[in-house]
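Below: the structure, in structure tokens.
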Amino acid sequence: MADKTSTITAGVALVKILEAWGVDHLYGIPGGSFNSVMDALDAEKDRIHYIQVRHEEVGAMAAAADAKLTGKIGVCFGSAGPGGTHLLNGLYDAREDHVPVLALVGQFGTSGMNMDTFQEMNENPIYADVGAYNVTAVSAKTLPHVIDEAIRRAYANSAVSVVQIPVDLPWQEIDQSDWYDSASSHQKPLLPQPDPSLLSDLVQQLVAAKRPVIYYGIGATGAGDELVELSQKLKIPLLSTYPAKSIVPDSYQAYLGSANRVAQKPANEALSEADTVLFIGNNYPFAEVSNAFKNTTHFLQIDIDPSKLGKRHEADIAILADAKLALKEIISQVEERQESPWWQANIANIQNWRDYLSMLENKQFGQLQAYHVLKAINDIAEDDAIFSIDVGDINLNANRHLKLTPKNRHFTSNLFATMGVGIPGAIAAKLDYPNRQVFNLAGDGGASMTMQDLVTQVQYHLPAINVIFTNQQYGFIKDEQEDTNQNDYIGVEFDDIDFSKVAEAVNMKGFRVTKIEDLAGVFEKAKEIAKDKPVLIDAVISGDRPIPVENLKLDPEKFDNDEIDTFKKRYEAQDLKLFAEFLSEFGLSSNNGENSQGGF
């Protein structure tokens, strides 16, 4: 802004604010109430990339995915009325997962506001809940400042900002001296160092524990090496929340997986038997409703956010600190221990579980199942592949069968758990990381919600590999009805969609696979195509329920032989053993602890 005597339209100033903050693309659909900003985007098209989506919800979901993947603010927009309200699902996803997103919402011009004109309404209350910062711009002169403020607030609060923009304001000329950006002043807060005295107390309790586990969440991102080192030094098994999968390699011998329902069996069993939990970077949302820590004697917590300390369980010791820094300090204060019976029993239990998963993946008979498809994905996935994962049984199955390492990225709608996020997430991932392999993994229920935006991948040359798991049902919800309802299922089954034909209709190569023996060849072809074009595989799988590890029927003290035999036959679990058997093998007794599923 060298010439302070010249003028600029408020809209171009708005876009330049976005550019100054590092925004290089944004998503939306134009409308009469937003066309002034479209003029500005056109004027700045060499510096910022506008992505036309086919539904504003997809734009908001993609913006949230941008923020999850990069840490940078995601930006989306919609026109007045329905264009803006369509954004809400994606904005709530961003809010619940605490990532910075800016939503720009069109509004009728100031001369017609509050006059009940076409698509004119009081928009501010609509976004009051979802937006940590939620304002209507009132003048061209202050519009750039409002956008700058919205971005700062979104970053400061890891939250959503919403700005409603009357359409006449961006067209108006303002003086160059009337605006500036604060991007160069933006700084990340210093990471809190752990209190030495509290840390020393925590170390003493951790070392004294007989049955400890380390339970980490996405707040431990980047601390995978430290988690493994501490686990190996003190012989403590690791379990994570589902979103924290891949912080530690899935192959690590003492990684138990995640707990509750989107879970793995060893994690549930160890959590119910543990006497001490080190809860680090974790906001496990099922803790209270599932009584996850009812058998825990000592609860030790480390978190970078003071609002999380003591939130999920009463803590013996709570430390405000960055996970990585705290783990380094703990490691420096402990000596390596010998393997304990607790450690040995957990290792044996994990191996038994992994043998079971491997058996499912490698079967060469029967109907095509989700497990076969995920193995085929593993077989073609590159070391640093990114996985955009929709919501439903795909989360449960991907959690158990995708083989990830810290080089990978995987993300979903963690807390809001909205279906339809797979396709938008893949769009964002390819824009953010064009040279990395990107998968969209979705059930047919989730995919049908946003399938129109497969064409966005084609239109913008975003070569993602879309894998749709088709079984004509909302499987995750159907399984809930089996457990909680009296009916024979209602509203959870639907007619087939051939997604390979949907792909072909938008000029994307599509395959439909129904047999185990055809998987490898199709996935190899898809990998080749995806070097420069998007591709879709519609895998027609069985409607089999994945084994409910939160409700196992394997214990002869709780179930009769017929119940156990029926359960094992249904889930092909003849060789699956209870953790109690391994505890006994290594000289320990089970406390018969169990956790309820919780939820609705």
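Below, all heavy atoms of this structure are taken into account, side chains as well, without hydrogens, waters or symmetry copies.
- Here the closest heavy-atom approach between residue A573 and residue I547 is recorded as CB-CD1, 4.2 Å.
- For T276, the side chain to side chain donor-acceptor pair (under 3.5 Å) criterion is met by no residue, not counting sequence neighbours.
- Cation-pi geometry between R261 and F476 is satisfied (NZ or CZ under 6.0 Å from the ring centre, within 45° of the ring normal).
- The existence of a salt bridge linking K68 and D93 is confirmed by a sub-4.0 Å separation between a basic side-chain nitrogen and an acidic carboxylate oxygen.
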Practice problem: Show your working on side chain to side chain donor-acceptor pair (under 3.5 Å) between D201 and Q205 and close with a plain yes or no. | Solution: CA-CA 6 Å; D201 292 343; Q205 285 210 9; over 6 Å; no
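- For the pair N378 (side chain) and H401 (backbone), a donor-acceptor distance under 3.5 Å is present.
- Using a 4.0 Å cut-off between charged nitrogen and carboxylate oxygen, K72 and D66 do not count as a salt-bridge pair.
- Judged by distance alone, the side chain of T241 and the main-chain N or O of G217 form no donor-acceptor pair under 3.5 Å.
- Enclosure of atom CG in D575 is not indicated, since only 12 or fewer non-hydrogen atoms of other residues, nucleotides or ligands lie within 6.0 angstrom.
- No donor-acceptor pair closer than 3.5 Å links the side chain of E329 to the backbone N or O of A326.
- For the pair T412 and N414, the minimum side-chain heavy-atom distance is below 4.5 Å.
- Using modelled atom types, one side-chain atom of N282 and one backbone atom of Y284 make a donor-acceptor pair closer than 3.5 Å.
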Exercise. Show the numbers, then the answer: is there a side chain to side chain contact (heavy atoms under 4.5 Å, CB included) between I247 and S240?
Key: CA-CA 9 Å; I247 291 177; S240 76; over 6 Å; no
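- Inter-residue side-chain proximity for Y92 and V160 is flagged as unmet; no heavy-atom pair is nearer than 4.5 Å.
- The two residues F439 and A385 have their closest heavy-atom pair at CE1-CB, 4.1 Å.
- Residues N408 and S246 approach most closely at O-OG, 4.1 Å, considering heavy atoms.
- Counting only distance, with no hydrogens or angles, the side chain of S158 and the backbone of P100 share no donor-acceptor pair below 3.5 Å.
- Nearest heavy-atom pair across E269 and F579 is OE2-N, 3.1 Å.
- Ion pairing between a basic and an acidic side chain is recognised when a charged N comes within 4.0 Å of a carboxylate O; D565 and K569 show no such pairing.
- With values rounded to the nearest 0.5 angstrom, K324 atom NZ is found 6.0 Å from D225 atom CG.
- Distance check, rounded to the nearest 0.5 Å: CG of L360 to CG of N362 gives 9.5 Å.
- Counting heavy atoms from C-beta outward, F387 and I377 have side chains that approach closer than 4.5 Å.
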Exercise. Starting from the C-alpha separation in whole Å, work towards a yes-or-no answer on side chain to side chain contact (heavy atoms under 4.5 Å, CB included) for V277 and L271.
Key: CA-CA 8 Å; V277 175; L271 190 59; 4.1 Å; yes
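- Looking at L202 and I302, their side chains come closer than 4.5 Å, going by heavy atoms from C-beta outward.
- Shortest non-hydrogen contact noted between R211 and S589 is NH2-O, 2.6 Å.
- To the nearest 0.5 Å, atoms CD1 (I347) and CD (Q344) are separated by 9.0 Å.
- With hydrogens and angles ignored, the 3.5 Å screen pairs no side-chain donor or acceptor of R95 with any backbone N or O of A159.
- Once rounded to the nearest 0.5 Å, the distance linking CG of N395 with OH of Y242 reads 4.0 Å.
- The closest donor-acceptor contact from the side chain of D322 to the backbone of P192 lies at 3.5 Å or more, if one exists at all.
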Exercise. Just do the side chain to side chain donor-acceptor pair (under 3.5 Å) check on T70 and D432 with the steps written out, would you?
Key: CA-CA 8 Å; T70 68; D432 293 324; 5.1 Å; no
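- By the 4.0 Å N-to-carboxylate-O rule, K478 lies too far from D393 to be salt-bridged with it.
- Salt-bridge check for D479 with R545: passed, with a basic side-chain N closer than 4.0 Å to an acidic carboxylate O.
- Looking at Y255 and V228, their side chains never come closer than 4.5 Å, going by heavy atoms from C-beta outward.
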Exercise. Could you go through the side chain to side chain contact (heavy atoms under 4.5 Å, CB included) check for L69 and F411 one step at a time?
Key: CA-CA 8 Å; L69 280 165; F411 61 100; 3.6 Å; yes
Quiz item: Would K210 and D275 satisfy salt bridge (charged side-chain N to carboxylate O under 4.0 Å, His left out), going step by step from the backbone distance to the final call?
Solution: CA-CA 7 Å; K210 301 299 183 183; D275 65 1; over 6 Å; no
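- The closest donor-acceptor contact from the side chain of K233 to the backbone of V334 lies under 3.5 Å.
- Aromatic ring centres of F559 and F567 lie farther apart than the 6.0 Å criterion allows.
- Heavy atoms of other residues, nucleotides or ligands lying less than 6.0 angstrom from CD of E335 number 12 at most.
- In this structure, F279 and Y215 have perpendicular ring planes: the angle between them is above 60°, well past the 30° mark.
- The pair E339-K235 does not meet the salt-bridge criterion, since no charged nitrogen lies less than 4.0 angstrom from a carboxylate oxygen.
- Residues Y155 and H186 bring their aromatic ring centres within 6.0 Å.
- In terms of modelled atom types and a separation under 3.5 Å, the side chain of N291 and the main chain of K294 share no donor-acceptor contact.
- Listed for the R312 side chain is no donor-acceptor partner under 3.5 Å among the backbone atoms of F293.
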Self-check item: W353 vs R400, side chain to side chain contact (heavy atoms under 4.5 Å, CB included): CA-CA, chis, key distance, verdict
Solution: CA-CA 10 Å; W353 170 248; R400 296 174 182 176; 3.9 Å; yes
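- Side-chain contact between Q253 and I350 is absent, with no heavy atoms from C-beta onward closer than 4.5 Å.
- Heavy atoms only, all atoms of each residue included: V391 and A417 are closest at CG1-O, 3.6 Å.
- E273 has its side chain within reach of S590: a pair of non-hydrogen atoms, C-beta onward, lies under 4.5 Å apart.
- Between Q369 and E572 there is a side-chain heavy-atom pair separated by less than 4.5 Å.
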Exercise. Decide yes or no on side chain to side chain donor-acceptor pair (under 3.5 Å) for Y252 and S231, but give the supporting numbers first.
Key: CA-CA 10 Å; Y252 174 55; S231 168; 2.7 Å; yes
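- Atom CG of residue L238 and atom CD1 of residue I214 lie 5.0 Å apart, to the nearest 0.5 angstrom.
- The side chain to side chain donor-acceptor pair (under 3.5 Å) search around Y127 returns none, not counting sequence neighbours.
- To the nearest 0.5 Å, the span separating CZ on F586 from CG on N346 amounts to 10.0 Å.
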